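Only a predicted model underlies this, so the values are computations on that prediction, with no experimental measurement involved. Heavy atoms only: backbone and side chains are in, while hydrogens, waters and symmetry mates are out. Chain naming here is simple, since letters A, B, ... match the order of the sequence lines and numbering starts at 1 in each.
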Amino acid sequence: MFEIPAPELAPALLGLWLIRATRDGLAAGVIVETEAYGGVDDRASHARAGRTKRTEPMFGPPGHAYVYLVYGLHSCLNVVSGMDGEAGAVLIRAVAPTIGLALMSARRHRPADADDRLAAGPARLCQALAVDRSLDGHDLTAGRELWLADPEPATRHALLARGVARGPRIGVAYAGPDWAARPWRFGLRDHPALSAPFRP
DNA sequence: ATAGGGATTCTC
DNA sequence: AGAATCCCTATT
């Protein structure tokens, strides 16, 4: 299912489980916001510089993780899309915390935020789920450490019933007006776990 | 070798 | 509005 272009995979990931298992226990949530990044032609994508050490996973097998460090501080998680050898990835921008809330809360070394927002934001979600670059390249379909899983169809249907909102990607003004304007961000409409730019 | 800057978040 | 903070990428 991951061998499709990122702009197609991004909305398809909405409503799926993202599950993290560590020695400390299990933490999991439902993906509510995603963002698509293309290959060498996408001026907003890390792959724009071609195949490099950092972006190697983006060119690798689909369904694996691409985890990078941004601003020297925060990890961000992507699901690699497209065919092996062709770059593409979907940034997971927000997850609705469902299992292991205490664990997620403990990992955030800050005063308790609203539970809904524990994993609202690409860097927040990585902190809440203990995702860092040690998981770069990890197979997200293997069912261990960090993986994706299908929810009950009825559950997912109910979630998607609120509708999918689209909009331009966040923080990519450097890519120029054309690429920055592409509506490649997807989110469950009005969901309380959406990231900061989309909260009221 | 070095400069420039970032797919963010938090605080002032 | 500005800082925090590392490492990637491009250039010299």
Please give the distance between the C1' atoms of B/dG5 and C/dG2 as a whole number of Å.
16 Å

So which nucleotide from C/dT9, B/dT9, C/dT5 ends up closest to the side chain of A/L73?
C/dT5

Separation of B/dG6 P from A/L91 CG (nearest whole Å)
16 Å

Mind checking if A/A44 touches a base, just sugar-phosphate, or nothing, with heavy atoms under 4.0 Å?
base

I need the OH-P distance between A/Y66 and C/dC7, as an integer number of Å.
14 Å

B/dG6 P sits how many Å from A/Y68 OH, rounded?
12 Å

Can the positive tip of A/R182 be found less than 6.0 Å from the middle of the six-membered ring of A/W179, inside 45° of the ring normal?
yes

Just checking A/R108: base, sugar-phosphate only, or nothing, at a heavy-atom cut-off of under 4.0 Å?
sugar-phosphate

Between B/dT9 and A/H74, is there an OP1 or OP2 to side-chain N/O distance shorter than 4.0 Å?
no

Row check, A/F198 ring normal vs A/R189 NZ/CZ: under 6.0 Å, within 45°:
no

Under the side chain to side chain donor-acceptor pair (under 3.5 Å) test, residues paired with A/E33 that sit two or more places apart
A/R93, A/S195

Under 4.0 Å, heavy atoms only, any strand: does A/R54 hit a base, just the sugar-phosphate, or nothing?
sugar-phosphate

Can you list, by residue number, the residues of residues 124-138 of chain A that have a non-hydrogen atom closer than 4.0 angstrom to DNA chain C?
A/R133

Please check the phosphate of B/dG6 (OP1 and OP2 only) for any side-chain N or O of A/R48 closer than 4.0 Å.
no

Of the options B/dA7, C/dC6, C/dA4, whose atoms approach the side-chain atoms of A/Y174 most closely?
B/dA7

Of the nucleotides B/dA7, B/dT9, C/dC6, which has the atom closest to the A/P122 side chain?
B/dT9

If I take atom NE2 in residue A/H109 and atom C1' in nucleotide B/dT11, what distance separates them, rounded to the nearest angstrom?
18 Å

Where the side chain of A/L69 is concerned, which of C/dC7, B/dA7, C/dA10 is the nearest nucleotide?
C/dC7

Whole-Å distance between C/dA10 P and A/R43 CZ?
10 Å

Let me know which of A/P11, A/P168, A/P7 forms a side chain to side chain contact (heavy atoms under 4.5 Å, CB included) with A/W184.
A/P7

Taking only the side-chain heavy atoms of A/H46 (C-beta and beyond), determine which of B/dT8, B/dA7, C/dA10 contains the nearest atom.
B/dA7

Secondary structure of DNA chain B per the Watson-Crick/G-U criterion (both distances under 3.5 Å; [ ] crossing, | other strand, . unpaired) is ||||||.||||.

Separation of A/R107 atom CZ from B/dT9 atom P, in whole Å?
17 Å

Under a 3.5 Å cutoff, is there a donor and acceptor pairing between the side chains of A/Q127 and A/R108?
yes

Under 4.0 Å between a side-chain N/O of A/Y71 and OP1 or OP2 of C/dC7, yes or no?
no

Measure the CG-CG distance between A/L103 and A/L26 for me, rounded to the nearest 0.5 Å.
8.5 Å

Thinking salt bridges, do A/R169 and A/D42 make one under a 4.0 Å N-O criterion?
yes

Between A/Y68 and A/H46, is the gap from one ring center to the other below 6.0 Å?
yes

Nearest 0.5 Å, what's the CD-CG distance between A/E8 and A/L13?
12.0 Å

Kindly say whether A/A96 contributes a backbone atom to a donor-acceptor pair with the side chain of A/T98 at under 3.5 angstrom?
yes

In whole Å, I'd like the distance from the OH atom of A/Y37 to the P atom of B/dG6.
13 Å

Whole-Å distance separating the CZ atom of A/R117 from the C1' atom of B/dT8
17 Å

